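This report concerns only the one structure given below.
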There are 2 protein chains.
Amino acid sequence: MSRASERAYSAIRAHLLSGSVAAGEQLTEDQLAQITGVSRTPVREAVRRLEDELLLVRSDTKRLFVADWSRDDIEEMFVLRQMLECHAAERAAKRLSREQIATLEALNSELTAAVEQSPPDVVRFLEANRAFHEAIIDAAHSPRLGQMLAKLVEAPVVLRTARTYSQSDLRQSARDHDELVAAFAARDGDWARAVMGSHLRRAFHTFAKTVGPRADDAANDQDSTEA
Amino acid sequence: MSRASERAYSAIRAHLLSGSVAAGEQLTEDQLAQITGVSRTPVREAVRRLEDELLLVRSDTKRLFVADWSRDDIEEMFVLRQMLECHAAERAAKRLSREQIATLEALNSELTAAVEQSPPDVVRFLEANRAFHEAIIDAAHSPRLGQMLAKLVEAPVVLRTARTYSQSDLRQSARDHDELVAAFAARDGDWARAVMGSHLRRAFHTFAKTVGPRADDAANDQDSTEA
DNA sequence: CGGGAAGGTTTTGTATACAATAACCAGCGC
DNA sequence: GCGCTGGTTATTGTATACAAAACCTTCCCG
């Protein structure tokens, strides 16, 4: 993407993630143009991208709002992410080179180091974690898969502000990654898939615990709950 | 989407699907603006959408080309579609109302009628088929899933011009749909998933047979082949 | 007091002019 | 002839002005 357009995109995104703007709030293209310092044309491109990533939504009448995700939305995204990323892990197990596996190992050492600091360095953890997962997705060599996952992985990141990471959660993540590396080294796609599955599903539950008490436990009469 | 923008989108799309433009050919926004009769601004929006749907691609230097999909691209899309649509079928099995199941039955009668004409009415078949699958996806109540699938389902449609549908293939599709309806009526998600899986995987193979002889059967040394 | 139309204001959509960048081509030195 | 360099054209990117649509307020009439 081109300069102004790209600038608008990251500026708006940063603005949204900074938490200085409430979910559900209306935005106008003019506002965003002022904030970002470019004209409305590139802002509109950036906005379309952010709509696609579901950070922004439009009302039926084309007005622009900050998305606010329900717990069900979050769960839906986790379910889809799990499905796709398990597939990615399985494919990656067949495709990763020795060097790439070594890289994953290094990334996870970095991640582990971040976790074992006291207090744990969450930012460093998140960055290493992102890189680790991204490397796996890349190795799956499935461009559309990568494209889809890119969108879904946004979700938890967006709401991470509210999240408090316990050290034991972080440690478990590091262990999962270790096991994933082992599965890759063994070229065992089924193993990799299984580990990725539990890794992500647990992530969902720890995430859901903080983001909001689950909507309803028994008695799901409604429409769009539960898988 | 707004009027001009929407018009541009469908005009360009139709233009691409008409086959009057070769894969890999360069297009310019000006050309498209002339063809569609609107200015470049809405054309650019339409183009972005078509890029997202992978019907158009941009070179590293932002020039615009008609996408040409390799056999691997097609297979990748079928694999992803299968993964997602099996999930949709499973969810739908738990969520479809009696009326919705009846609707599916009706749609499949329509489809069967189209198949049993002689010669079979392929256009009518495709339309009923599309409606059938769409109804299932809708019933899954997973908006992002629907959004993703919408893109993937484009793929075969685009290349259908070259396709010759044999009546036996069409009949098998109709039978699959019948079994799917039975699985839904029994509220058996596993069954529905399994039927959808074989349905789509077979579709891939019959599709692949016509679109091009498979790249390589044994000896997949290359990079991005085979699942 | 309520409903609903009229008009003004805000916001999004489109056209167009211009700027920036990439592709092309010709001429020159070697 | 080959490759580079300069300028020329083609193409995409951005700003801005205007058009269309939606929203909101107010006021009028029942």
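Just so we're on the same page: letters track the sequence lines, and every chain starts at 1. Remember, it's a predicted structure, so these values are computed and weren't measured experimentally. Side chains included, hydrogens not; waters and symmetry mates left out as well; all remaining heavy atoms used.
- Checked against side-chain hydrogen bond (donor to acceptor under 3.5 Å, both in side chains), B:Asp68 has no partners two or more places apart in sequence or in another chain.
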inquiry  = Protein within reach of the bases, or only the backbone? For nucleotides 10-25 of chain C, mark each nucleotide 5' to 3' as B, S or -, using heavy atoms under 4.0 Å.
reply    = BSBBBBB-----SS--
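- Partners of A:Gln34 according to the side-chain hydrogen bond (donor to acceptor under 3.5 Å, both in side chains) rule, which considers only residues two or more places apart in sequence or in another chain, do not exist here.
- Not counting sequence neighbours, the partners of B:Ser142 by the side-chain hydrogen bond (donor to acceptor under 3.5 Å, both in side chains) test are A:Glu76.
- Contacts classified as salt bridge (charged side-chain N to carboxylate O under 4.0 Å, His left out) and involving residues 96-106 of chain B (residues at least two apart or in different chains) are not found.
- Evaluation of the ring-ring contact (aromatic ring centres under 6.0 Å, His included) rule for B:His15 yields no partner, not counting sequence neighbours.
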